[in-house]
Amino acid sequence: MKEYNPREIERKWQRIWEEKKVFEASEDQSKKKFYALIEFPYPSGEGLHVGHPRPYTALDIVARKRRLEGYNVLFPIGWDAFGLPTENYAIKNKIHPRIVTDQNVKRFKEQLKSIGFSFNWDREINTTDPKYYKWTQWIFLKLYEKGLAYKKEMPINWCTSCKVGLANEEVVGGKCERCGGEVVRKVKNQWMLKITEYADRLIDDLETVDYVEKIKIQQINWIGRSEGMEVEFKIAGKEDSLTVFTTRPDTLYGVTYMVIAPEHPLIEKYKDSIQNIDEIYEYREYVSKKSDFERTELSKEKTGVEIKGIKAINPVNKKEIPIWISDYVLMSYGTGAIMAVPGHDTRDWEFAKKFNLPIIEVVKGGDVEKEAYTDTEDGILVNSELINGLRVKDAIKKISDWLEENGLGKRAVNYKLRDWVFSRQRYWGEPIPMIYCEKCGWVPVPEEDLPVELPEVENYEPTDTGESPLANITEWVEVDCPKCGAKARRETDTMPQWAGSSWYYLRYTDPHNDKELASKEALEYWTPVDWYNGGMEHTTLHLLYSRFWHKFLYDLGIVPTSEPYKKRTSHGMILGENNEKMSKSRGNVVNPDDIVNEYGADTLRTYEMFIGDFEKSVPWSENGVKGCRRFLDRVWRLQDIVVDGDEYTKELESKIHKTIKKVSEDYESLKYNTAIAALMALLNDFNDHGKITKADFKTYLILLNPVAPHITEELWEIMGFEGMLNESTWPKYEQEKIKDDVIEMPVQVNGKVRGTIVLNADDGQDQAREKAKENQNIMKYLAGKTIVKEIFVKGKIYNIVVK
RNA sequence: GCCGAAGUGGUGGAAUUGGCAGACGCGCUGGACUCAAAAUCCAGUGGGGCUUAAACCCCGUGCGGGUUCGACUCCCGCCUUCGGCACCA
């Protein structure tokens, strides 16, 4: 017997698979299709990380199993290559991001190929390829055409010393990550996408898909739909009123003041009537340095300023109440103004205490002098003229009707979800295909002029006016207006990295099409994606954005289904040996190349699947890797004990059928670790028995193949089995062979196991009682007691309750 | 802070979803082989008690309560850790 040499056989089979194109999806649409999708990687400069192969191997297992089951499988790969790190690297090292991207992709590709994934390399895509982003731009034009893209003033993070816009991640503790300079919020006119228009459908359609429950919950909470009232508070002596959204109109009598966001436009409008306007401006300046996250933190000390000179009128009792500004009210959520009910809201209570504002109890049950009473579900209203004595639920209904009848408010739905800020002041992204003309306003680039390609630039730094580096390329920026022909300017902002990843799974179905984003036939056949696996960290952004775009394309009649992904699962992270996140600075990064070189790709794959619960984070362990290599060594040596035979070994037959069942089911339900454990156990049984037939071994190799494709393919060839393993058929188990004739059943007395009895599979309680009587230990606990109850669960347990 | 998830031997994790807690792997201990080591193979391995041994008994799934014949699993209240929080991807 030759020694197991993974290096040699892995290269050999990878070459054969590639030459024979065995994993390419076929154009034959008569076959049943299966579309497996992994989140395409961002080709970073650090190269592949051992975290990457975990989800890839998992779906590679499913893809390989499906092919053996006779499906036409699409399992594509590509590159999500626009993005900040590449651009920053390019700036620092004065290399074009195109070159950096190409280098990184090349490295990633070699690394992925060395692990033996059965990707459809012939369908590889790259979001930075103009042939690809032509269609990203095209989708944007459609969104604009349908009124879903619009311009709005939005704040960006602005470093006062570098004079550039920063990503949130580049702001650390209010300072610029690069230079330590102060970061403030600066308002810029930006492109927005109306994802809120799809909010209800994004919630409702979750019922039609098979996503892990926690993913659905996260999405629903992120969208944050709530039903309530929009209530009008008149400004005393003025025409205007402030609108607030509340889910608790029943507490209106408890409103003792209002708070508006420091950025609220009302302040500018009435600045002449406001006596302390300087103080207000000063506070606004202070707030501009904080993120929304810092502003709404509950634990922090409340701050705020009263607007002196204007008052609001509570619509239910016509009382005049003060208006304050405070950072805990955000312009971006609801209407930018709130009614404060300090008696029954924790934040309002803290604010009222700090600034000595009155607190009125309107729901009985707590002590509003000591703390806000918020647990009011079954409470009764007090101090509330119209609704006194009513339960909260009924009070809400009555006061809502009353407000509507009197024109003081209307029922409304509010979402936490905000529209998508779609502009970036960056170079390395898709140019937004819009042109601004003094006369015509914003004019879309005509479709036939797509793609709008990124021009060559000398310098990738954003300009010090806060515009993208593209703004400096005069010959690119200055164009004729497509509508009137006058001199006009291109939009110089680019799209966020999320744009390209919002529709990439569609392009895979027809990646070389230059007429459409993909052909109708290809989309009809391949979509929706049957199984999409990705990280939990993408649940609220990427997953939601791509569902939004897909629904939009569905409305246009371009894609045939309203949801892009039939099934979504998620994987856990791989941590360093010290149980911390792998990072360069912690020095605990493991490079998959080292594992492939030392132990082999099959060992890496097996270990990553065996490492633990697929959905949980787990620490890496080099010893664990060795254990998996030992397992494969023992599989290799099985060839020593193989004897001729077309049937399963009698004594092993039942175990083999059980393992087929277990492995087949576990591969489908993310339980790769227990599937491998079952294969290890069967291997132990094989060795205990001392010899196995060719039939035993053949089935074993097929079951292990999706996890360890190279070694199994090699052993297949060594054994002289017909054709290649990847062309064979997934084994089936027989229910008859799995059933046990006799079972061991634990017998409990008062819930504690006191012995086991052996029963025939179809024996009932009477037989169990007889058998139990033969067991001395069980009888010991029954002696002198009366049996009050017997619980018999067939095949599981027999419990005798005595007194 | 808000939303989501998780806590089981020395260690990664299993447990047919309310029915014998610790499968499988790692580590460790002992043995075989070897001049020796590595590799490999065999045996043992939650803690405690009792015993020559087996049998057997008690304790044990983050902490505190509860429901149940029976709880790692369900309920209530805590603690700790991890993911996300909209310009990292």
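Proteins get letters first, then strands, A, B, ... in listed order; numbering begins at 1 in each. Any value given below was found using the heavy atoms of this structure, including those in side chains, with hydrogens, waters and symmetry copies removed.
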Query raised in the report: When all nucleic acid strands are considered with a 4.0 Å heavy-atom cut-off, which category describes His542(A): base, sugar-phosphate, or nothing?
Result: nothing
Report task. Describe the nucleic acid contact of Arg629(A) in one word from base, sugar-phosphate, nothing, applying a heavy-atom distance below 4.0 Å. Result -> nothing
Query raised in the report: Heavy atoms under 4.0 Å, any strand shown: does Ile215(A) hit a base, just sugar-phosphate, or nothing?
Result: nothing
Report summary line: On RNA chain B, more 5' by nearest nucleotide between Pro619(A) and Lys616(A) is Lys616(A)
Query raised in the report: Does the side chain of Asn684(A) get closer than 4.0 angstrom to OP1 or OP2 of G25(B) through an N or O atom?
Result: yes
Report task. Could you check whether Leu417(A) gets within reach of a base, just the sugar-phosphate, or nothing at all, counting any heavy atom under 4.0 Å? Result -> base
**Report entry** Met680(A), nearest nucleotide to its side chain (from C82(B), G4(B), G25(B))
**Finding:** G25(B)
**Report entry** Nucleotide forming a Watson-Crick or wobble pair with C63(B), both distances under 3.5 Å
**Finding:** G77(B)
**Report entry** Minimum-distance nucleotide (side-chain atoms of Tyr42(A) versus C20(B), A89(B), A86(B))
**Finding:** A89(B)
Report task. Please check if any side-chain donor atom of Thr86(A) sits under 3.5 Å from a side-chain acceptor atom of Tyr42(A), or the reverse. Result -> yes
Query - Closest nucleotide among G4(B), G13(B), C69(B) to the Val801(A) side chain - result: C69(B)
Query raised in the report: Any side-chain N or O of Asn88(A) under 4.0 Å from OP1/OP2 of C88(B)?
Result: no
Query raised in the report: With respect to the phosphate group of C41(B), does any side-chain polar atom (N or O) of Arg637(A) fall under 4.0 Å of OP1 or OP2?
Result: yes
Report summary line: Of the listed C69(B), G4(B), A86(B), the closest approach to the Leu541(A) side chain comes from A86(B)
Report summary line: Regarding the side chain of Lys789(A), the nearest nucleotide among C87(B), A89(B), C69(B) is C69(B)
Report task. Quick one: label Asp633(A) by what it contacts on the DNA or RNA (base, sugar-phosphate, nothing), any heavy atom closer than 4.0 Å. Result -> nothing
Query raised in the report: Does the His657(A) side chain pair with the main chain of Ser654(A), one donor and one acceptor, at a distance under 3.5 Å?
Result: no
Query raised in the report: Taking the side chain of Trp222(A) as heavy atoms from C-beta outward, which of G4(B), C20(B), C85(B) is closest to it?
Result: C85(B)
Report task. Look at all strands and tell whether Arg630(A) reaches a base, only sugar-phosphate, or nothing, counting heavy atoms closer than 4.0 Å. Result -> sugar-phosphate
Query - Positive for side chain to side chain contact (heavy atoms under 4.5 Å, CB included) with Phe82(A), one of Thr128(A), Thr101(A), Thr136(A), Asn126(A) - result: Thr128(A)
Query raised in the report: So what does Val793(A) touch, heavy atoms closer than 4.0 Å: a base, only the sugar-phosphate, or nothing?
Result: base
Query raised in the report: What about Asn799(A): does its side chain form a donor-acceptor pair under 3.5 Å with the base of C69(B)?
Result: yes
Query - Touch class at under 4.0 angstrom, heavy-atom based, for Ser621(A) against every strand present - result: nothing
Query raised in the report: Checking all strands, does Ile791(A) fall into the base, sugar-phosphate, or nothing category for heavy-atom contacts under 4.0 angstrom?
Result: base
**Report entry** Residue mapping more 5' on RNA chain B - nearest nucleotide basis, Pro746(A) or Ile156(A)
**Finding:** Pro746(A)
Requested in this report: Choose from C58(B), C26(B), A89(B) the nucleotide whose nearest atom is closest to any side-chain atom of Asn623(A).
Outcome: C26(B)
Query raised in the report: A86(B) phosphate, OP1 or OP2: any side-chain N/O from Arg418(A) under 4.0 angstrom?
Result: no
**Report entry** Closest nucleotide among G84(B), C20(B), C56(B) to the Thr756(A) side chain
**Finding:** C20(B)
Report task. Look at all strands and tell whether Met745(A) reaches a base, only sugar-phosphate, or nothing, counting heavy atoms closer than 4.0 Å. Result -> nothing
Requested in this report: Would you mind classifying the nucleic acid contact of Leu166(A) as base, sugar-phosphate or nothing, using non-hydrogen atoms under 4.0 angstrom?
Outcome: base
Query - Side-chain N or O of Lys671(A) closer than 4.0 Å to phosphate OP1/OP2 of U17(B) - result: no
Query raised in the report: According to the interplanar angle, ranging from 0 to 90°, do the rings of His542(A) and Trp498(A) count as parallel (below 30°), tilted (30 to 60°) or perpendicular (above 60°)?
Result: parallel
Query - Distance test, side-chain N/O of Arg634(A) to OP1/OP2 of C41(B), below 4.0 Å - result: yes
**Report entry** C87(B) base / Gln425(A) side chain donor-acceptor hit below 3.5 Å
**Finding:** yes
Query raised in the report: What nucleotide, of G4(B), C82(B), C87(B), holds the atom closest to the side chain of Trp498(A)?
Result: C87(B)
Query raised in the report: What nucleic acid atoms does Gln190(A) come within less than 4.0 Å of, heavy atoms only: base, sugar-phosphate, or nothing?
Result: base
Query raised in the report: Should Lys752(A) be listed as having a side-chain N or O under 4.0 Å from OP1 or OP2 of C59(B)?
Result: yes
**Report entry** Tyr532(A) and Leu543(A): CA distance, side-chain angles, deciding distance, side-chain contact (heavy atoms from CB on, under 4.5 Å) verdict
**Finding:** CA-CA 10 Å; Tyr532(A) 188 22; Leu543(A) 199 59; 4.2 Å; yes
Query raised in the report: Distance check: side-chain N/O of Asn673(A) vs OP1/OP2 of C24(B), anything under 4.0 Å?
Result: no
**Report entry** Base orientation of U17(B), syn vs anti, 90° cut from 0
**Finding:** syn
Report task. Measure from NZ or CZ of Arg347(A) to the centre of the six-membered ring of Tyr328(A) and say whether it is under 6.0 Å with the direction within 45° of the ring axis. Result -> no
**Report entry** Nucleotide of C24(B), C88(B), G4(B) approaching Glu169(A) most closely (side-chain heavy atoms)
**Finding:** C88(B)
Query raised in the report: If anything within 90° of 0 is syn and all else is anti, what is G9(B)?
Result: syn
Requested in this report: Show your working on side-chain contact (heavy atoms from CB on, under 4.5 Å) between Met495(A) and Tyr133(A) and close with a plain yes or no.
Outcome: CA-CA 10 Å; Met495(A) 299 187 195; Tyr133(A) 70 67; over 6 Å; no
Query raised in the report: If only side-chain N and O atoms of Asn157(A) are considered, is one of them under 4.0 Å from the OP1 or OP2 phosphate oxygen of C87(B)?
Result: no
Report task. Specify whether Trp420(A) and Phe422(A) have parallel, tilted or perpendicular ring planes, treating 30° as the upper limit for parallel and 60° as the lower limit for perpendicular. Result -> perpendicular
Query raised in the report: With sugar-phosphate meaning primed atoms plus P, OP1 and OP2, does Tyr781(A) contact a base, only sugar-phosphate, or nothing at under 4.0 Å between heavy atoms?
Result: sugar-phosphate
Report task. Look at all strands and tell whether Thr539(A) reaches a base, only sugar-phosphate, or nothing, counting heavy atoms closer than 4.0 Å. Result -> nothing
